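Taking it in order: structure first as C-alpha cells, then the write-up.
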Amino acid sequence: MSTRILARLARSRWSSPLVLLVVWELASRSGLIPERTLAAPSAVVATLWTMLVSGELPQNLLVSFWRVGLGLSIGVAAGVVLALVAGLSRQGEAAVDPIMQIKRTIPTLALTPLFIVWFGIGETPKVALIAFASMFPVYLNLYSGIRGVDVRLLEGARSFGLSQAELIWHVILPGALPALLTGLRYSLSIAILVLVVAEQINASAGLGYLINNARDFMRTDIIVVCLMVYAVLGLGADALVRTIERRALVWRPSLIKA
Amino acid sequence: MDARLQFLADTPAAPASPAADPIVRLNRFTRRFGDVTVIDGLDLAIQPGEFVALLGRSGSGKTTLLRTLAGLDSADGQDVTVPTARAVVFQDARLLPWKKVWRNVALGLKGADIRARAQHALKEVGLGHRLDAWPLTLSGGEAQRVALARALVREPQLLLLDEPFAALDALTRLRMHELVLALWRAHGCAVLMVTHDVDEAVALADRILVLDGGRIAAQERITIARGARAELTLPLKEKLLGILGGTPAHSGLPDHVIPFPHAAAGA
Ligand SMILES: Nc1ncnc2c1ncn2[C@@H]1O[C@H](COP(=O)(O)OP(=O)(O)OP(=O)(O)O)[C@@H](O)[C@H]1O
Ligand SMILES: [Mg+2]
C-alpha cells in the first residue's frame, strides 16, 4: 500500500519540490540553515497564517492590487487605443509607431529616477511606471495582429459589401484578438515585475513595503511569504488570461476539442 | 439505371436568348500590372441565367477578370457593366473562423430573421444541421458548401466561382457539380465559373470561354442537355486542350490537366 503511494509519488511532478521542502525543513531544524539566512518552511507557514489573521497581509495585498490594477488599466487602455490608431490608418501609423519604437528601446525601470523627480514618491510614480511598462506589449501585439489579419478573409468579406466599419468590427478586430490576448499576458507579467521594483520607492503600504520592513528586521519568514504572494499573483494573472482566452477563442480547433 | 433516368429528366434550364439584355458586359476591357498587360481589350457579355465556364492557362488572367467582375478591383472608368447583386465563391472558402457557420452565411445581411434566411440557405446545400458549428471543424467540401450558401443567400444575379472545387477529391467534386447545377436552376442566376478542369466545364456550362493572350481566344456553346454530354466530352476536350496549347497526346500530362504555357508563349 504505502510502497504503491511512494512509487506514484516518485513519478509525480510534485515529488522533487516536496523533497526539496523536506530537506529545507530538516536543514533549518538541524541548524544547518540559520533562521536569519532563510526561515524554515514551517515557520513561513506559521507567519503566513498570523499575517492573514491579523489582516496585515490582506491589507497590504489590497494596496498592491490597487496599484497593479490601476496601472494596468491605464497602460492596457493606452496600448489598445494607440494600436488601433496605428493599425487602422496609415496616418496613425506614421504618427504613433515611430514614437512607440523609440520608447521600446528605453528600459522602463531606467525611468524610475525621472518618474520620482516628476511625480514625487507617492502613489503616482508607482502607478505611472506600471502603466508605462504594460502599455508596450499590448500595443506591439495588437498592432501587428491588426496588420497581420488575413487579407484573403478581408477581401472575401469585402466582396459581400461590408462597409469599412463593419470590416473592422467583423474581421479585423476578431482576427487580431489572439494577438491582443498574447500582449495582455505579457503586460500582466511585466506589471507584476514593475510592481516589485516600484514598491521599493519609499512605500508605506503594499507588498514591497512588507518586504522592505522585513529586510530591516531580518525577518526572512516574512520575505518568503511575500515572495510566495508574488508567485501566486503571477500564476493568477496567467490563469486569468487563460480563462479569457478560453472564452474568447472558442473557435480555435485546439480549444474546440478540449 | 438511375443515372440514365436523371439524364432524361435533365432539361436545359433557362436557355439564354441572345435578345435579352446581357447582365455582364465588358467592352475592350484592359488590365495592367505595371508594364504587364494581363487583360488586353477583352469583350465579354453574359446573359441573365447563363452558366459560363472560363478556362485558361495558369496566369492567363482568369482570377484578374473575376476580381474585376466581383468589384474587388476597380475598373477605373472602363466600360464595365456588372450587376450590383453578385457574390463570389473563392477556391479557399474564406469563412471567418471566429463566426459560427450561420453567422458566416448571414455576414453583411440586413433586416429581420437573418438566422432563418441563413438556415434556409444552409439547408439548400445540405448543411441545415451544422448551423452552429465552428468553420474550422468543417471538412473542405462542407466549407465550400457553406461558401456557396453564403453567396446564394444574397440572391445574386451573378454568381462568380473561382476554381471552387479544385481542392476537393473527385467524388466530392462530382457531388458538388450536381449541387451547383441544382442551385443554379433553383436561383436562376448567371454563373461565371473559373476552372482548370475541362471535364468540369463541359459537364456544367452553357458556354465555355477560353482566355488566352488577354482576350477570349475561343468559345464553345453547348446546347446538348447536361446529362447527355458523355459522347461530346472527348472531342470537345481534345479541341479545347488544343486551343489551350497542347494536346493530351503531346503533353504527356493526364488528359484533364491544362499544361503550363510554353516557353515561347510565356516570353
Ligand atoms: N496584384 C498583382 N500585381 C502584379 N501582378 C499581378 C497581380 N495579380 C495578378 N498578377 C499577374 O497577372 C497574371 C494573371 O494572374 P491571374 O491570377 O489572373 O491568373 P489566373 O489565370 O487566375 O491563374 P491561375 O489559373 O494560376 O489561378 C499573372 O501573371 C500574375 O502574376
Ligand atoms: Mg486564379
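Basis for what follows: all heavy atoms, side chains included, without hydrogens, waters or symmetry-related copies. Per chain, numbering begins at 1; letters A, B, ... match sequence-line order. Nothing here was measured: the structure is a model prediction, and the numbers come from that model.
Counting non-hydrogen atoms of other residues, nucleotides and ligands closer than 6.0 Å to CZ of A/F119 gives a total above 12. Atom NE2 of B/H177 sits in a crowded spot, with more than 12 heavy atoms from other residues, nucleotides or ligands closer than 6.0 Å. More than 12 heavy atoms of other residues, nucleotides or ligands shown are found within 6.0 angstrom of CZ on A/R147. Counting non-hydrogen atoms of other residues, nucleotides and ligands closer than 6.0 Å to NZ of B/K123 gives a total of 12 or fewer. Taking a 6.0 Å sphere around CZ of A/F65, one finds it holds 12 or fewer heavy atoms contributed by other residues, nucleotides or ligands. In this structure, B/R115 places its CZ atom where more than 12 heavy-atom neighbours from other residues, nucleotides or ligands lie under 6.0 Å away.
When heavy atoms are compared at a cutoff of 4.5 Å, B/D92 approaches chain A solely by way of its side chain, counted from C-beta outward. Neither the backbone nor the side chain of B/K100 comes within contact range of chain A; no heavy atom of the residue lies under 4.5 Å from a heavy atom of that chain. In this structure, the portion of B/L95 lying under 4.5 Å from any heavy atom of chain A is its backbone and not its side chain. For B/R103, no part sits under 4.5 Å from any heavy atom of chain A, backbone or side chain. With a threshold of 4.5 angstrom between heavy atoms, A/A157 approaches chain B through its backbone and through its side chain. Only the side chain of A/E166 comes within less than 4.5 Å of a heavy atom of chain B; its backbone N, CA, C and O stay farther away.
For the pair B/W98 and A/L153, the minimum side-chain heavy-atom distance is below 4.5 Å.
Relative to the ring axis of B/F90, A/R152 does not place its NZ or CZ within 45° and under 6.0 Å from the centre.
Of the listed residues (B/P97, B/A151, B/A70), the greatest number of heavy-atom pairs within a distance under 4.5 Å of chain A belongs to B/P97. Ranked by heavy-atom pairs under 4.5 Å with chain A, the first of B/L72, B/L96, B/V88 is B/L72.
A distance of 7.5 Å separates CG of B/D73 from CD of A/E155, quoted to the nearest 0.5 Å. Atoms CG and NE2, from B/L107 and A/H170 in turn, are 6.5 Å apart once rounded to the nearest 0.5 Å. Atom-to-atom distance recorded for A/F160:CZ and B/R86:CZ is 11.5 Å, nearest 0.5 angstrom.
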